[in-house]
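These notes are about the structure you will find just below.
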Amino acid sequence: MDMKKIEAIIRIEKLDEVRIALEKEGFVGMTVTEVKGRGSQKGITLEWRAGEYRVEFLPKLKLELVVDEFDVESAIKVLTEAARTGKPGDGKIFIYPVDNVVRVRTGERGKKAL
Amino acid sequence: MNAGDTAWVLISFALVILMTPALGFFYAGMARKKNILSTLMLSVSILVLISVQWVLYGYSISFGPDKGGIIGGLNWLGLNGISLIHSGYAPTIPHTAFILFQMAFAVITPALIAGAFIERIKFSGFLLFSLLWATFVYDPAAHWVWGIGGWLRNMGAMDFAGGAVVHITAGVSALAVAMVIGKRKGYGKTPMEPSNIAFTVLGAFLLWFGWFGFNGGSALSAGPLAASTILATNSAGAAAGLTWMIISWVHKRPSVLGLATGAIVGLAAVTPASGFISPLSAIMIGMVAAGLSYYAIILRMKINVDESLDVFACHGVGGIWGIIATGLFAQKAINPAGANGLFFGNPGQLGIQLLTAASIGTFSFVVSFILAKIIDAVFGLRVSENEEDVGLDISQHGETAY
């Protein structure tokens, strides 16, 4: 009854595309958090009154969903395709093992609770 | 007495009062998130402090019976026993309307300085500084230029709505206090992200709106002079905003913050000239002001002084240019009560204007520097390092913005 948590850092503007693509493949439940972060591109410069200033962390979204381990590859495929622009800053996907899942309403456990 | 004039000056008073909280938002948007409320507080606390000071003695020493050209007497303390009708300043409006209108100017000027030392000023030290500054810099400067018997007024200095009295005093003093208080912790090393540029844009354009009262109300009448003053004001603000936007675009991108800053600089610069000039002169004044202030900010950053919101580069440079420009562009054809400037055949006026800028600037810088030094030594002008790290919203006021 192995399950995995998929944690994806994505561009804010990609959320709707990603959600629609995930839903098409049957991934309905997910949690989204506003986060700040940086990757190889580091920060960016924004305009000040005269000249510019640096912003070292960029706003991103963290999307979390827990899936059956057999569905991990399809979820990754959907995520990478829907969240990609091809430019630095597209984000990353992390995959973790999940011990158990409990549905609060019914007390169901494991994959039945997904 | 004239009902129209009185109504216009009273509305102008309200417009100018709106500028002080507007200035708070203009500044707070550029402060970091942990200092939004404290930056707003620097403006709104001045509104309540100086409104009282003005009634108690500020008006008396600014506009009261002259003592040697330097200061008004204490005859009108508490506005007691004065004529509520006749002022000697504006024949067609009640004395109280003039007192109110001038109060709004006395309020916003010390609030302007606050941009120099946001995010590190100790609130109690700030209140003390502002009260002393109003008493020993603003009130005398207002007397010199606008008070009956004031020595610059007697020489024929032209400052329609406060290029010297408001913008030079505030801008130059900002530089002096910034030098005393020192840089913010981490200035130039760690990023300082503005909390909300939308607040700044909102504040800037509320200031623009209030400026119609600031300059237009300075006509002290609701006639052709108020109208031509407002046209000059709007023209200069627009020309400067446009110029700043283009400069920032040429450098990289058309900045909203840049446009808003440019507008304020243009409005500040046209303030002393607005009642004496044609709209075309106003556009020239605005364009030049934007260029001067833009590069003044670059220069200020290069010399690594943390005059945080560039009160000097915007108001100081704008005010100095405006006072000089008044000596260039003023036309008796626009305002017969004024004088012609250099471009209209009267080079002498330019000399008077230069003397006005130099004397008001020097006086403001010296007194502000001394006041800041004394308060810093006796009382403390700056919060502790830990309070600065936490942010002034929590450490000074025990509140958070959002």
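Model, not experiment: these values are computed from the prediction. Here is the naming used below: chain letters follow the sequence lines, and residue numbers restart at 1 for every chain. All values below come from the heavy atoms of this structure, side chains included, with hydrogens, waters and symmetry mates left out.
Summarising the local packing, CD of Glu385(B) is surrounded by 12 or fewer heavy atoms from other residues, nucleotides or ligands at distances under 6.0 Å. When the shell of 6.0 Å around CE of Met41(B) is examined, it contains more than 12 heavy atoms from other residues, nucleotides or ligands. Glu13(A) CD: more than 12 foreign heavy atoms inside a 6.0 Å radius. Enclosure of atom CZ in Phe70(A) is not indicated, since only 12 or fewer non-hydrogen atoms of other residues, nucleotides or ligands lie within 6.0 angstrom. More than 12 heavy atoms of other residues, nucleotides or ligands lie within 6.0 Å of CE in Met245(B), so this atom counts as buried by the packing criterion. Within a 6.0 Å radius of OH in Tyr295(B), other residues, nucleotides and ligands contribute more than 12 heavy atoms.
Contacts of Met301(B) with chain A are made by side-chain atoms alone, with heavy-atom separations under 4.5 Å and no backbone atom involved. Proximity to chain A (any heavy atom under 4.5 Å) is shown, for Ile264(B), by neither the backbone nor the side chain.
Counting heavy atoms from C-beta on, the side chains of Cys314(B) and Arg49(A) come closer than 4.5 Å. Using a 4.5 Å cut-off on side-chain heavy atoms (C-beta onward), Tyr53(A) and Glu193(B) make contact. Contact of the Arg253(B) side chain with the Glu52(A) side chain is registered, since non-hydrogen atoms from C-beta on lie closer than 4.5 Å. Thr45(A) is listed as a side-chain neighbour of Lys252(B), based on a closest heavy-atom distance under 4.5 Å.
Closest heavy-atom contact between Gly51(A) and Ile298(B): N-CD1, 4.5 Å.
Put simply, of Ser248(B), Pro194(B), Pro191(B), the one with the most heavy-atom pairs under 4.5 Å next to chain A is Pro194(B).
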